[in-house]
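Worksheet: one structure, shown below.
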Amino acid sequence: MYEFTDAVDFYIGIIKALKSGIINPHSPLEEIVLKAGNDSFAYIDNRRDAKGKQGYDLWATAKNQCEDEEQFINWIKSREIAEKLLYSKSEQFPDFIFKVRKHEGKLICGSLLELKDSKSGSIASFNSTLPTKYKSLEEIDVINSKNLVSRVASIIDSKLSSERFYHTFERRCFYLVRTHAGKDDKVKISIVDGSFFETLPKEHLIYQMFLNILRAHIEKKEIKIPPETLTQLEKALSQVTDQTIIASSQIIEKASVRPRLRIMAEVHSEGNPHSSFYPEVSERSLNFIAGAPAYKKELAEAISQKIPEIEVFTIRHRRNGEHGVFQFLF
DNA sequence: ATCCTACGGGCCATTTCGCC
DNA sequence: GGCGAAATGGCCCGTAGGAT
């Protein structure tokens, strides 16, 4: 049992589901996740369709522990979950959270999973939530400006949610990425470690962005700003770190529109494992791609033991170094 | 000629606000 | 406290023009 166990189990789950034919490479990503994930989630963002379309009830286990429906509803309400939220589509970050586990006295797993589906070869844009390697539940609450996600997760994680570091321990972020969706000969699907996308702290990314905009204007208008002023500005702008504040629409005096600034992020091809940068990642493949320690020998052996036809190799991310790739061809 | 990337855009569900 | 409107968060598609 190690940090990546939940993601690896999930990867194996997808392969098994593909092999058995209950899903195919063109099934909706949500369906792939739910059919492969088999009761391993502590949070599902779209609980409405999970239940309605895929027959996956996040609350099934919790319900079974209650005597009847009424008792369950009362219990949920005592945990500050309104009944109408049980099966809603919350549109919060993230799409899925795996259950936490305890190993040698420490919390592990509980990884986050985001879905990105795209008809083209590039990864669908990130809107408002910049991709990172780790996030804690506490940070998720800040991103969402509410704590629905952590409330739901802690109910499903039941006893383990009272562990001391439950809300603060850093959880791995994984991204289930599909490119060339619908094209049978070109489609690629990968579970990608957030480290593939995050090569700089996101705070750095944000203020550099504002500085770039400023520089471009200075250049275009051919105006001179003393270097000291720019240094001061850089210092001031480095305080701009909170995407929630950035993304809220703003009231500008005398304006009858409220401008809204949302930071979206497009993945560079060096950060897209499906791009021509990484020719080793084949078409018609399902991959698990992660930085250290994922490609350590023990893990590779454990995976190969379960699914012998998986190929194991490494690719080199220009900025974040070696990443292990587990590849299954379909 | 074909592929790829950057950018712009459309659209919609849920949540919160604020009025009655 | 209920209700409609406004605010917010999110998804990913289409396309022009550059790269190969």
Side-chain angles (χ1 to χ4, degrees), chain A residues 26-33 43-53 58 77 80-97 112-132 135 139-152 173 175-183 185-190 192 197 202 205-206 209 212-213 216 242-252 255-279 281-283 318:
Chain A
H26 308 294
S27 303
L29 288 184
E30 294 78 9
E31 184 181 350
I32 292 178
V33 171
Y43 180 77
I44 296 174
D45 196 63
N46 188 349
R47 299 172 296 289
R48 186 186 62 195
D49 291 348
K51 188 175 179 225
K53 293 187 180 167
L58 180 69
K77 283 183 179 162
E80 290 179 50
I81 301 286
E83 191 175 349
K84 65 170 187 179
L85 291 175
L86 286 177
Y87 299 105
S88 67
K89 181 175 178 176
S90 299
E91 301 278 18
Q92 303 288 302
F93 176 85
D95 291 331
F96 298 89
I97 302 180
L112 319 186
L113 184 70
E114 271 288 295
L115 273 42
K116 292 283 160 208
D117 204 5
S118 169
K119 288 188 169 173
S120 74
S122 50
I123 297 176
S125 357
F126 292 94
N127 190 340
S128 301
T129 310
L130 292 169
T132 55
K135 281 187 173 72
E139 290 169 77
I140 291 171
D141 287 343
V142 172
I143 288 168
N144 292 330
S145 306
K146 51 177 89 71
N147 60 7
L148 175 68
V149 171
S150 64
R151 260 154 47 215
V152 171
C173 303
Y175 298 83
L176 178 64
V177 172
R178 176 165 61 191
T179 53
H180 292 297
K183 288 178 207 142
D185 51 337
K186 292 181 118 183
V187 62
K188 297 181 187 179
I189 308 172
S190 296
V192 185
F197 304 123
K202 66 176 193 299
L205 210 58
I206 293 173
M209 186 173 67
N212 278 350
I213 295 168
D242 187 333
Q243 269 187 273
T244 320
I245 297 175
I246 295 169
S248 41
S249 67
Q250 302 185 32
I251 298 165
I252 309 290
S256 50
V257 289
R258 302 187 53 190
R260 183 152 66 108
L261 183 61
R262 285 187 298 171
I263 296 178
M264 296 184 55
E266 308 293 341
V267 179
H268 234 169
S269 64
E270 71 184 36
N272 177 0
H274 296 178
S275 74
S276 51
F277 242 87
Y278 306 99
V281 177
S282 318
E283 292 173 339
R318 198 164 90 193

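Residue numbers begin at 1 in each chain, while the letters A, B, ... track the order of the sequences.
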Exercise. Find which nucleotide of DNA chain C each of Phe93(A) and Ser118(A) is nearest to by heavy atoms, and output the residue with the more 5' nucleotide.
Key: Phe93(A)

Quiz prompt | Atom pair OG/NE2 of Ser190(A) and His274(A) - distance to nearest 0.5 Å | solution = 2.5 Å

Exercise. Report the distance from atom NZ of Lys202(A) to atom CZ of Phe197(A), rounding to the nearest 0.5 Å.
Key: 16.0 Å

Quiz item: In whole Å, what is the span from the CG atom of Asp49(A) to the P atom of dC11(C)?
Solution: 14 Å

Quiz item: Rounded to the nearest 0.5 Å, what separation is found between the CG atom of Leu115(A) and the CD1 atom of Ile32(A)?
Solution: 8.5 Å

Exercise. Using a heavy-atom cut-off of under 4.0 Å over every strand shown, decide if Leu85(A) touches base, sugar-phosphate, or nothing.
Key: sugar-phosphate

Quiz item: Base, sugar-phosphate, or nothing: which does Asp95(A) touch, judged by heavy atoms less than 4.0 Å apart?
Solution: sugar-phosphate

Quiz item: Leu261(A) CG to dT8(C) C1': how many Å, rounded?
Solution: 14 Å

Quiz prompt | Residue that, paired with Lys116(A), satisfies side chain to side chain contact (heavy atoms under 4.5 Å, CB included) out of Ile123(A), Val192(A), Asp95(A) | solution = Ile123(A)

Quiz item: Under 4.0 Å between a side-chain N or O of Lys116(A) and OP1 or OP2 of dC11(C)?
Solution: yes

Exercise. Give the B/S/- string for nucleotides 3-13 of chain B, one per nucleotide from 5' to 3', where a protein heavy atom under 4.0 Å of the base yields B, of only the sugar-phosphate yields S, and otherwise -.
Key: --S---B---S

Practice problem: Starting at atom CZ of Arg47(A), determine the distance to atom P of dT14(B), rounded to an integer number of angstrom. | Solution: 10 Å

Self-check item: Leu86(A) and Arg47(A), any side-chain heavy atoms less than 4.5 Å apart
Solution: no

Exercise. Using whole Å, report how far NZ of Lys119(A) lies from P of dT15(C).
Key: 12 Å

Quiz item: Out of curiosity, Leu112(A) CG to Lys135(A) NZ, how far, rounded to the nearest 0.5 Å?
Solution: 7.5 Å

Quiz item: Please give, in whole Å, the distance from dC11(C) C1' to Asn46(A) CG?
Solution: 12 Å

Quiz item: Which whole-number value in Å describes the distance from Phe126(A) CZ to dC11(C) P?
Solution: 9 Å

Quiz item: With a 4.5 Å heavy-atom cut-off, do Asp185(A) and Glu283(A) have their side chains touching?
Solution: no

Practice problem: Find the distance Leu130(A):CG to dG10(C):C1' and express it as a whole number of Å. | Solution: 14 Å

Quiz item: Could you state the NZ-C1' distance from Lys183(A) to dT2(B), rounded to the nearest angstrom?
Solution: 12 Å

